[in-house]
Every structure is written in structure tokens, then in C-alpha cells.
Enquirer: 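Sharing a structure below in C-alpha cells format, with a few things to ask.
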Amino acid sequence: MAIDQLTWIHAASYFGAGVSVGFGAIGAALGEGYTAGQASDILSYRPRMSGEILKTMLVGQAVAETAGIFALVVSMLLMFGELKGHTLLEGWAYVGAGLSAGLSAIGSGVGAGFPAGAACKALARQPSASGQITLNMLIGASITQTPCIFGLVIAFLLMFLDHSAMPYYPYWAAFLGAGLSTGLAAIGPGYGGGLVGSGACLSLARNPEAQRPITTAMLVGIGTTQSTAIYGFLISLILIFKGFPESTSYVPSFALLGAGFAMGFGGIGPGIGEGITGKYALDQVGRVPEEATLLTRTMLVGQAVSESTGIYSLVVALLLVLNA
């Protein structure tokens, strides 16, 4: 059965809307559930602190919810935003937008729950340091939202840029690849950044006087975990803005789609691996703050080695784009 152009564009926008909020709901719910679980566990032996712990839990859950809200916004725009699609290519752009917003929200939603849950536990152990713990929780949870912000930016570019002058082949694949690159590559950094933030909160509970070295190590560790999300964002921008000649051959199209898969999946592992490294390093900074420099240096070396696989993926993605 033949499908006319307008029907295809509407169908693709509705599909993109479902993909966006469907994937986007996963991470936020898991992060919020983890936070509430940690709070409930702590209250079993600190019932007198219920008010403070409940407040911390709700603040942490609100930050984790942000990723899901971004995905919801993109879904609403795809359904009701009266997008001006004029070509079949716009339909693929809308599917790519849904993938970018939805997938990128998974890691950020889960990751934001880790420092929030750790803050509830830390607060029960060290009530006198509640201000310091809350501050570090907010910093850590907020930075984990960076990858899903990248996903939101790519989604907006795919939805609102004028693609009418671009050839259908190979840009249909470039737009799908752009959504996959940023969306998938954001999962690991969001998750890993949350692990680092949780280590910082627990370390503060152990030694509040070491806030400066703990916060410094946390910022360095989280910053490193975000690198593969940046790689994914970069590949997406290249796929959207680089000029590709029209070609009805399958080769350029699948090269561009492959670039999105390469960088997208290639960004997941390094982000999580670097987060694990950072969490263990932060656990020890509070124990031996006088060795914070050594611990941070070792953390960075370990994270750099984990980063190598993300760089391999970036190189392959760039080669695929150049050969398209």
C-alpha cells in the first residue's frame, strides 16, 4: 500500500514521540526508585531524621525527573508542535529526534539517583554536615544531566532545522545516525557520573572536613566520565551539518548509519567504567584526604585507559563519515 508524503511525516513524528517518552521514562523512574529505596532503608534506623531525609529524597528525585521531562517535552512537540515537514526526509529527522531525546535520558535519570540515594545515607551518618552533603548531591546530580541536554539539543536541531534542500539519500541515514550517536553515547556518561557523585556524598559523611579535596576530585572524575557523551554529540553535529552528495547507493547511507551506531554504543562502556573508577577513588579521598592528589592522579590514569575504547569508536565513526 502506497503512503503519501504527509501521512508518512505524521506517522514518523508520532513514532518518534513514542520512542522519546518510552525510553525517557526508564531512567528517571529507576533513579527515583533507587533514591526512595535508600531513604526507606536509612529511616529504618534513623526514624527521628524522617523530615530531613524525606526532603533530601524529594530534591534528589526532582533532579532525576529532569531527564524524563526533557523526553516528554520532545514527545509533546512531535505530537502537537505543528512541525513544518515538507519532505519524506523530515520523517526520518523526527524519528532521530525521538531516539536522541529518549535514549539520552536513560543514563542521566539513573545516574542522578545515585548521588541522591547516597546523600540520604550520608545525612543519616553525619547530620551535622547536611549542607555540604546536599550541595555535593546537587552538583553531582546536576552534572549527570549534561548528556541528556546534548540529546535535547540534537532533537531540537533535527526537528526545527530546514532540511528541505537536502537529498533524501543519504540524509535519511545521517539523521537516524545522529539520533543514535548522541542518544546511546549519553547512557554511560550519565550513569557513570552518578556513581562518582554518590562516592563523593558518602565520602563527605565519613570526613566533612575534607570537603574541598572531595569536591575537587568529584568534579574532575565526573568531568572525565562525560567525554564520550561529547564524542557522540560531535558525531551527531557532523552528521546533521556536513554536506553529503546525493547517492542512491546503499553504501553512503549505511556508512552514516554505521557511524551513529559505532559512536553511540562505543560511548556506553567508557562512561560507566570511568564512573566506577571515580567512585572508588572518591570513597578513599575522605579516608585519607592528605593523599587526595595521588588518588586523583591514579583515578585519571585509570579513566584514561577506559576512555581508549571510546576513542576507537570515535575514530571509526569519523572514518565512516569521511568515506560516505
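Here, residue 1 is the first one in the sequence, and each next residue gets the next number.
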Enquirer: Are T87 and Y168 side-chain neighbours, meaning at least one heavy-atom pair lies under 4.5 Å?
Expert: no

Enquirer: With a 3.5 Å distance limit and no angle check, can you tell me whether Q303 reaches the backbone of T277 through a side-chain donor-acceptor pair?
Expert: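 No, because the side chain of Q303 does not come within donor-acceptor range (under 3.5 Å) of the backbone of T277.
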
Enquirer: With salt bridge (Lys or Arg N to Asp or Glu O under 4.0 Å) as the rule and sequence neighbours excluded, what pairs involving residues 258-287 come up?
Expert: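 Matches after skipping sequence neighbours: K279-D283.
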
Enquirer: Looking at P189, is its backbone amide N or carbonyl O close enough to the side chain of Q226 to form a donor-acceptor pair, meaning the two atoms are under 3.5 Å apart?
Expert: yes

Enquirer: Got more than 12 heavy atoms from elsewhere within 6.0 Å of NZ, K55?
Expert: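 No, because the 6.0 Å sphere around NZ of K55 holds 12 heavy atoms or fewer from other groups.
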
Enquirer: Indicate the atoms forming the closest heavy-atom contact of A118 with S198, along with that distance.
Expert: CB-O, 3.5 Å

Enquirer: Is there a donor in the side chain of E307 and an acceptor in the side chain of T309, or the other way round, less than 3.5 Å apart?
Expert: no

Enquirer: Enter the distance from T35:OG1 to K121:NZ here, rounded to the nearest 0.5 Å.
Expert: 12.0 Å

Enquirer: Please say yes or no: joined through hydrophobic side-chain contacts below 4.5 Å, possibly via intermediate residues, are L202 and V285 part of one cluster?
Expert: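 No: no chain of side-chain contacts under 4.5 Å links L202 to V285.
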
Enquirer: Under 3.5 Å, side chain of T215 to main-chain N/O of R212, donor-acceptor pair present?
Expert: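 Judged by distance alone, no pair lies under 3.5 Å.
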
Enquirer: Kindly give the heavy-atom pair with the smallest separation between G117 and Q38, and that separation in Å.
Expert: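 The pair with the smallest heavy-atom distance is O-CB, 3.6 Å.
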
Enquirer: With the side chain counted from C-beta on, respond yes when L295 and V288 share a heavy-atom pair under 4.5 Å apart, and no when they do not.
Expert: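 The answer is yes; the side chains approach within 4.5 Å.
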
Enquirer: Closer than 3.5 angstrom, by distance alone: can the side chain of T296 be matched with the main-chain N or O of T293 as a donor-acceptor pair?
Expert: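 Between the backbone of T293 and the side chain of T296 there is no qualifying donor-acceptor contact (under 3.5 Å).
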
Enquirer: Give a yes or no on whether V59 and L123 share a hydrophobic cluster (residues Ile, Leu, Val, Met, Phe, Trp, Tyr; joining criterion: side-chain heavy atoms under 4.5 Å apart).
Expert: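 Result: no, two separate clusters.
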
Enquirer: Just so I know, are the side chains of P289 and N207 near enough to count as touching, which here means a heavy-atom distance under 4.5 Å?
Expert: yes

Enquirer: Does L282 form a side chain to side chain contact (heavy atoms under 4.5 Å, CB included) with M218? I'd like the steps, not just the answer.
Expert: CA-CA 7 Å; L282 264 299; M218 178 188 74; 4.3 Å; yes

Enquirer: State, yes or no, whether a side-chain contact exists between H163 and Y171 at a heavy-atom distance under 4.5 Å.
Expert: no

Enquirer: Using the side chain to side chain contact (heavy atoms under 4.5 Å, CB included) rule, take I214 and Q211 through it: C-alpha gap first, then chi angles, then the decisive distance, then the call.
Expert: CA-CA 5 Å; I214 289 171; Q211 181 179 17; 5.7 Å; no

Enquirer: According to a 4.5 Å side-chain heavy-atom criterion applied to Ile, Leu, Val, Met, Phe, Trp and Tyr, with indirect links allowed, do L234 and V321 form part of one hydrophobic cluster?
Expert: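 Yes: a chain of side-chain contacts under 4.5 Å links L234 to V321.
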
Enquirer: For a ring-ring contact (aromatic ring centres under 6.0 Å, His included) check, start with the C-alpha distance between Y191 and F114, then their side-chain angles and the critical distance, and finish with the verdict.
Expert: CA-CA 8 Å; Y191 189 102; F114 292 147; 5.0 Å; yes

Enquirer: Looking at every heavy atom in both A71 and G24, which two are closest together, and how far apart are they?
Expert: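 Scanning both residues, the minimum pair turns out to be CB-CA, 3.8 Å.
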
Enquirer: Between the main-chain N or O of T224 and the side-chain N or O of S227, is there a donor-acceptor pair closer than 3.5 Å?
Expert: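 Checked: pair present.
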
Enquirer: Counting N and O atoms only, with roles assigned by atom type, does the side chain of S181 sit under 3.5 Å from a partner on the main chain of G177, one being a donor and the other an acceptor?
Expert: no

Enquirer: When you look at W8 and Q5, which way does the side chain to side chain contact (heavy atoms under 4.5 Å, CB included) test go after all the steps?
Expert: CA-CA 5 Å; W8 157 246; Q5 181 171 294; 5.8 Å; no

Enquirer: Grab the two heavy atoms, one from M137 and one from P115, that are nearest each other, plus how far apart they are.
Expert: CG-O, 3.6 Å

Enquirer: Return the SG to CZ distance between C201 and R125, rounded to the nearest 0.5 Å.
Expert: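 Reported value, rounded in 0.5 Å steps: 11.5 Å.
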
Enquirer: Report yes if some heavy atom in the side chain of I230 is under 4.5 Å from a heavy atom in the side chain of F150; otherwise report no.
Expert: yes

Enquirer: If I compare all heavy atoms of A101 with all of A155, which pair ends up nearest, and what's the gap?
Expert: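 The pair with the smallest heavy-atom distance is CB-CB, 4.2 Å.
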
Enquirer: Show which side-chain atoms of residues 247-273 pair as donor or acceptor with protein atoms under 3.5 Å away, not counting sequence neighbours.
Expert:
{"unit_1": "S247", "atom_1": "OG", "unit_2": "S249", "atom_2": "N", "d": "3.3"}
{"unit_1": "S249", "atom_1": "OG", "unit_2": "V251", "atom_2": "N", "d": "3.2"}
{"unit_1": "S253", "atom_1": "OG", "unit_2": "W172", "atom_2": "NE1", "d": "3.2"}

Enquirer: Step by step, would you call L54 with M57 a side chain to side chain contact (heavy atoms under 4.5 Å, CB included)?
Expert: CA-CA 5 Å; L54 181 63; M57 179 193 79; 3.4 Å; yes

Enquirer: Are I106 and I276 in one and the same hydrophobic cluster, where Ile, Leu, Val, Met, Phe, Trp and Tyr link if side-chain heavy atoms are under 4.5 Å apart?
Expert: yes

Enquirer: When you compare the side chain of I235 with that of L318, does any pair of heavy atoms fall below 4.5 Å?
Expert: yes

Enquirer: Check the hydrophobic clustering (I, L, V, M, F, W, Y; side-chain heavy atoms under 4.5 Å; chains of links allowed) and say if I154 and Y231 are grouped together.
Expert: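 Yes, same cluster.
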
Enquirer: To the closest 0.5 Å, what do you measure between OG1 (T228) and CZ (F233)?
Expert: 14.0 Å

Enquirer: Is there a donor-acceptor contact under 3.5 Å from the side chain of S13 to the main chain of H10?
Expert: yes

Enquirer: Would you say that L161 contacts F241 through its side chain, given a criterion of any heavy-atom pair below 4.5 Å between the two side chains?
Expert: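 Counting from C-beta outward, L161 and F241 do come under 4.5 Å.
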
Enquirer: Looking at D41 and G37, would you say the former's side chain and the latter's main chain have a donor-acceptor pair under 3.5 Å?
Expert: no

Enquirer: Measure the spacing between CG of L103 and OG1 of T182 and express it to the nearest 0.5 Å.
Expert: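 Going from CG on L103 over to OG1 on T182, the span is 10.5 Å.
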
Enquirer: Would you check, one step at a time, whether the test side chain to side chain donor-acceptor pair (under 3.5 Å) holds for Q126 with S128?
Expert: CA-CA 5 Å; Q126 197 67 256; S128 61; 3.2 Å; yes

Enquirer: Any sub-3.5 Å donor-acceptor pair from T134's side-chain atoms to S130's backbone N or O?
Expert: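 Yes.
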
Enquirer: How far does CZ of F244 sit from CD1 of I238, to the nearest 0.5 angstrom?
Expert: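 Between F244 CZ and I238 CD1, I get 8.0 Å after rounding to 0.5 Å.
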
Enquirer: Would the number of heavy atoms belonging to other residues, nucleotides or ligands and lying under 6.0 Å from CZ of F70 be above 12?
Expert: yes

Enquirer: Any heavy-atom pair between the side chains of V21 and V74 that's under 4.5 Å?
Expert: no

Enquirer: If you draw a 6.0 Å radius around OH in Y312, do more than 12 non-hydrogen atoms from other residues or ligands fall strictly inside?
Expert: no

Enquirer: What distance do S100 atom OG and L184 atom CG have between them, rounded to the nearest 0.5 Å?
Expert: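 Interatomic distance, S100 OG to L184 CG, rounded to 0.5 Å: 9.5 Å.
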
Enquirer: Which atom names give the shortest non-hydrogen contact between S104 and C148, and what distance separates them?
Expert: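 Looking at all heavy atoms of both residues, the closest pair is O-CB, 3.4 Å.
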
